[in-house]
Amino acid sequence: MGIGPTKVVGSVVFRYTTVDSTQEELKRLLQHGKLPIGTVVIAEEQTRGKGRWGRSWWSPKGGIWCSLLMSVTTVPYFRYTLAVIRWIKDTYGLDALIRWPNDVVINHKKVAGILIERYRDLDLVGIGINVNIEQIDNIPYATSMQIESGYKIEIDEKLPTLFEAIQSYVGVDDDTILHQVRTNMAYMGNNLYIGGKCYKFEDIDATGNMILTSGNQRLVVNLNQVDHLDPMFRFLVLKTRTDNKLTHQ
Ligand code: BTN
C-alpha cells in the first residue's frame, strides 16, 4: 500500500450500489494501491454494516453510508460529529447534538454514528447517517432525518456539502474543536449515573475524555471504556469490568 498526495475530502469517490461494509471495502482498496487522503467509499446500502464494539449497523437504501481515508487526529471522533451536525443544520435547519462519544442525536434519538478504525498510520472514518428512511422499527431511540424533518432530500445533490463540512474541520486546532464540542454536547452539566451512583458531567478534556464529578471526587472516563450512554435513564454503561479501572483524581 502507498499513500498518494493529500487531496480534499471527496475528490476521489468510489461508489457502490451494495457493499458489505464501506469500511471493509476501503481496506480492500488500500491493499491494492495508492489512495489519497480524503478518498471516500460510499454505498447505497450495506449488507454487513459495522458499528462500534463489533455491533451490526442497519444500512438500508436511503441512508448515507460512507468511509473516508483520513489522517489521524488528536481528539478522536469530534471533528466528524461536528461536521455532521453542521451538515444537518445547513441541510435541514435542524439542531443536532453530540451524544458522547460518537453519536449524533436529535431529541435524544440517534440519527448518525461514527466508527473510526486505525489502518496502519491512517484513520478509516465510517459515517452512517439515517437520511431518507421513513420508519425505523426495532431500534430503540433511533431516528432519521426524514422522520425529524418530514421530507426527503436528493442525497447525490447534497453529498458535496457533507464533504465540504468534513473538509471545513480538517486542520482546525484542538482547542477550537473542544470549544465547539462543549457547546454541542448533550447532557453537558447534567447528572449521569454509573452503577447507581450519580455524577455531574462537567467537561471534556483535551483528549476527548469525559470528566465527571461527585462531591470531591473527579472521574475520568475514556471513550474505550464506555459501551453507551442510555438516553432514557442517563446511565453511562461501561464495558464489562472497566468500572474498577476508571481514573479517580
Ligand atoms: C456506531 O455508532 O456504532 C458507528 C456506526 C458507523 C456506521 C458507518 S456506516 C458507513 C461505515 N461502514 C460501516 O460498516 N460502518 C460505518
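From a predicted model like this one, the values you see are computed outputs, not experimental measurements. Because only heavy atoms are used, hydrogens play no part in the values below, and waters and symmetry mates are left out as well, while side chains stay in. Atoms within each ligand, like the ligands themselves, are counted from 1 in listed order.
Here the side chain of Q23 pairs a donor or acceptor atom with the backbone of G126 at under 3.5 angstrom.
Counting heavy-atom neighbours within 6.0 Å of K200 NZ, excluding the residue itself, gives a total of 12 or less.
Of the candidates R99, R55, K50, K110, it is K110 that places a heavy atom closest to atom 1 (C) of ligand 1.
For ligand 1, the atoms sitting less than 4.0 Å from at least one non-hydrogen atom of G49 are 14 (O), numbered in the order shown with element in parentheses.
Of the heavy atoms in I114, only backbone atoms (N, CA, C, O) come closer than 4.0 Å to ligand 1.
Within the 4.0 Å heavy-atom cutoff, E24 does not count among the residues contacting ligand 1. Put simply, no part of S59 is less than 4.0 Å from ligand 1, judged by heavy atoms. Contact analysis puts Q46 in contact with ligand 1, with a non-hydrogen atom separation below 4.0 angstrom.
Under the 6.0 Å cut-off for aromatic ring centres, H108 and Y187 qualify, their centroids lying closer than that. Ring centroid separation for the pair Y92 and Y151 comes in under the 6.0 Å cut-off.
Geometrically, ligand 1 and W57 share no nitrogen or oxygen pair separated by less than 3.5 Å.
Closest protein heavy atom to atom 3 (O) of ligand 1: R52 N, 2.7 Å. Among protein heavy atoms, atom 11 (C) of ligand 1 sits closest to T22 OG1, 3.2 Å.
Taking the charged nitrogens against the carboxylate oxygens, R15 and D156 do have a contact shorter than 4.0 Å, which makes a salt bridge.
Judged by distance alone, the side chains of R86 and S168 do bring a donor and an acceptor atom under 3.5 Å apart.
Under the 6.0 Å distance and 45° angle rule, K239 counts as a cation-pi partner of W53.
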